[in-house]
Amino acid sequence: MTAPREMSALALRDAIAAGQVSAAEATRAYLDAIERQDGAIRAYTQVFADRAMERAAQIDAARAAGKPLGPLGGVPVSIKDNMCTAWGKTTCASKILENFHAPYTATAVQKLEAAGAVILGKTNMDEFAMGSSTENSALQKTANPWDLARVPGGSSGGAAAGVSARLCAAALGSDTGGSIRQPAALCGCVGLKPTYGRVSRYGLVAFASSLDQIGPLARNVPDAALMLSAIAGHDGHDSTSADTPVADYAATVERPVEGLRVGLVKEFISDQLNGEIRAAVEKAAKCLTDAGATLVEISLPHSRIDVGADGTLSSYAVACYYIVATAEASSNLARYDGAHYGHRTPKTVGDIIELYSQSRAEGFGDEVKRRIMLGTYALSSGYYDAHYLKALKVRRLIAEDFRAAFGQVDVLLGPTSPEVAFRAGAKTADPLTMYLSDIYTISVNLAGIPAISLPVGLNSTGLPLAVQLLAGIFEEEKLLRAARMVERGLGSQELVPPAGREEK
Amino acid sequence: MSDSIDKKLVRHVAKLARISMSDAQATAMGSQLGAILSYFDKLKELDTEKVEPMAHPLDFTNVLADDQLGASLSCEQALANAPQRDECFFLVPKVIGDSQ
């Protein structure tokens, strides 16, 4: 029989339900793999081995008693370390929360467990999800399983590396500007950012409240659909979670969309796009047309990318995003004050302002400080109208482009990342270059729409290539079905990096 | 359009943001923020005079909860992470100081 780690989440769920493999065996296989291989990858910040084995034993006992196991019964998964759990620590990969024990569990995590999933541990990330390489983690560096000298992308880099290296069957990440999709692209797995409000943010440590969304990373599209079905839905604890019906994504994902109209985003498929990534987009487009879809060229003028005389890229969406996201972050991160929880300076301070300022200076890393400063500046008296208000207006222009596009087509197709996985350290000196990693993903968060990144083979140097599909608000069902059409057209071969192959 | 923002402004923003900064850090921050802010100037190319600002992706109106007491954290749970405490209170240095 296939080893548990070789199975998709769906296949493993079915094998456990059929009694071909126990939840305990599957969980043990993953814990052993983490023990053997995560020293090199460093995807996990914490592993809950005992708790996971207890949960697995409960699943096996439930099966023995003839009880239903849930749609993810016994499937070992990971969660990003910015989701609160009433067990273990919730660090956000920050020194300021290094020893923080959350008093409650995030709704998405609760739902995952209620669906029968076994949580193996928490995964590494850029500090407070601010970054595109996971190098901003204050705890550890995560390696890309395809080439350990390269980054896994970010901020959900641990989640993507873990899925790709077969250190979990699937994972939960969070996406504020591309933090699920870009690492999924760089590590060769599937990453889905749902519509804003589709998944409760209760217990997700806030970065930018109008942009953040929890979503799955998985080996294939049906697994992503299965995970989304488990976590989606309204939550009274999150007033921004939508009271909109949730489809059974897992049940419909194999049904191709009849007469699918696909928009190729003109602004994203221009001359400056890397040739291999462009070819990947064309390959995905061919999979869709072979399956009966029609292609249309679509323009998103306010998501345009301009190339300067010196070759530097610029975009309205990137500028808009970094004002909105940092403004919201500066407000959200004001709660880390050294008074209530988290790091407090050991230095003797004269008053409470000094306590705040010193604790924050010691607890936050450079990128987090930079973004708090940017956001504070953009919201401060005298600069608010020129920066923050202006950005909110541009945000509407960007969102209106999408609204118009989805009047003409069902889904949009384009690249996820402007490049394949880059070398560790390549962009750490220049924050702006790092920000441009999100050039194709961030307009999605500004508009609130869902999008999925999926792998399209390897480039000439053996690194994963990816494309992104986008759909209208709450159109996850159509999005997943269209993504599955691409996946099937590609032959559904899963990409397994050297670090994820079972040693024989 | 400058490539650096002056140290006085950096100091002002750092004070608003409650982040202590050495002189060297403030200088480095000034040049990094300056470069990023120049990039933001790109938005000035767009005419947004007649555009309504969009703060949120969905058209939600206020969601009101019933005024009822729900499950709450106990004092022990709420203060479990407190750096310093005095029974059921967070302990902090004096709030009314003479430095600010």
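The chains referred to below are lettered A, B, ... by the order of the sequence lines, with proteins before strands, and numbering in each begins at 1.
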Derivation of the side chain to side chain contact (heavy atoms under 4.5 Å, CB included) call for A:Thr240 and B:Leu58: CA-CA 9 Å; A:Thr240 64; B:Leu58 301 177; over 6 Å; no
Derivation of the side chain to side chain contact (heavy atoms under 4.5 Å, CB included) call for A:Ile353 and B:Arg18: CA-CA 7 Å; A:Ile353 302 290; B:Arg18 304 283 189 257; 3.6 Å; yes
Chi angles and distances behind the side chain to side chain contact (heavy atoms under 4.5 Å, CB included) call for A:Tyr316, B:Glu45: CA-CA 9 Å; A:Tyr316 299 125; B:Glu45 293 170 14; 2.7 Å; yes
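Between the side chain of A:Arg360 and the backbone N or O of B:Ala17 there is at least one donor-acceptor pair closer than 3.5 Å. In this structure a side-chain-to-backbone donor-acceptor pair under 3.5 Å is missing from B:Thr48 to A:Val394. Judged by distance alone, with hydrogens and angles left aside, the side-chain atoms of B:Lys44 form no donor-acceptor pair with the main-chain N or O of A:Ala386 at under 3.5 Å.
Both the backbone and the side chain of A:Ser239 come within contact range of chain B, with heavy atoms under 4.5 Å apart. Interface remark: A:Ile449 contributes no atoms to any contact with chain B (heavy atom separation under 4.5 Å). When heavy atoms are compared at a cutoff of 4.5 Å, A:Phe474 approaches chain B solely by way of its side chain, counted from C-beta outward. For A:Thr244, no part sits under 4.5 Å from any heavy atom of chain B, backbone or side chain. Proximity to chain A is limited to the backbone of B:Leu91, based on heavy atoms less than 4.5 angstrom apart. Only the backbone of A:Asn99 comes within contact range of chain B, with at least one heavy atom under 4.5 Å from a heavy atom of that chain.
Within residues 375-385 of chain A, the residues that have a heavy atom under 4.5 Å from a heavy atom of chain B are A:Thr376, A:Tyr377, A:Ser380, A:Tyr383, listed by number. Taking non-hydrogen atoms and a 4.5 Å limit, the residue list of residues 68-77 of chain B in contact with chain A, ordered by number, reads B:Leu73, B:Gln77.
Annotation: B:Asp67, atom CG; neighbour count of heavy atoms from other residues, nucleotides and ligands within 6.0 Å does not exceed 12. Taking a 6.0 Å sphere around CZ of A:Arg403, one finds it holds 12 or fewer heavy atoms contributed by other residues, nucleotides or ligands. No more than 12 heavy atoms of other residues, nucleotides or ligands lie within 6.0 Å of CZ in B:Phe89, so this atom counts as exposed by the packing criterion.
In terms of heavy-atom pairs under 4.5 Å with chain B, the best-connected choice from A:His387, A:His302, A:Lys393, A:Glu362 is A:Lys393. Ranked by heavy-atom pairs under 4.5 Å with chain B, the list A:Val318, A:Leu389, A:Leu446, A:Asp366 is led by A:Val318. For the options A:Gly197, A:Gly363, A:Ala447, heavy-atom pairs under 4.5 Å to chain B are most numerous at A:Ala447. For the options A:Ser357, A:Ala361, A:Ala334, heavy-atom pairs under 4.5 Å to chain B are most numerous at A:Ser357. Of all the listed residues (B:His12, B:His56, B:Gln84), the one sharing the greatest number of non-hydrogen pairs under 4.5 Å with chain A is B:His56. For the set A:Leu333, A:Ile323, A:Leu392, A:Val324, the entry with the most heavy-atom pairs within less than 4.5 Å of chain B is A:Leu392. The most heavy-atom pairs under 4.5 Å with chain A, out of B:Val10, B:Leu16, B:Leu43, B:Leu9, come from B:Leu43. For the options A:Phe100, A:Tyr435, A:Tyr388, A:Phe364, heavy-atom pairs under 4.5 Å to chain B are most numerous at A:Phe100.
In this structure, the side chains of B:Phe40 and A:Lys390 stay at 4.5 Å or more apart for every pair of heavy atoms. Contact annotation: the side chain of B:Asn81 never approaches that of A:His340 to less than 4.5 Å [non-hydrogen atoms, C-beta and beyond]. In this structure, the side chains of A:Met373 and B:Gln32 stay at 4.5 Å or more apart for every pair of heavy atoms.
The two residues A:Gly448 and B:Pro57 make their nearest non-hydrogen contact at CA-CB, 3.6 Å. The minimum heavy-atom distance between A:Leu355 and B:Pro93, with the atom names listed, is CD2-CD, 3.8 Å. The two residues A:Arg395 and B:Ala55 have their closest heavy-atom pair at NH1-O, 3.2 Å. Residues A:Gly338 and B:Pro83 come closest through the heavy atom pair O-CG, 3.5 Å. Residue A:Pro431 comes nearest to B:Ile36 through the heavy atom pair CB-CD1, 4.4 Å, listed as atom of the first residue, atom of the second, then distance. Annotation for B:Pro53 and A:Arg396: closest pair O-NH2, 3.2 Å, computed over non-hydrogen atoms.
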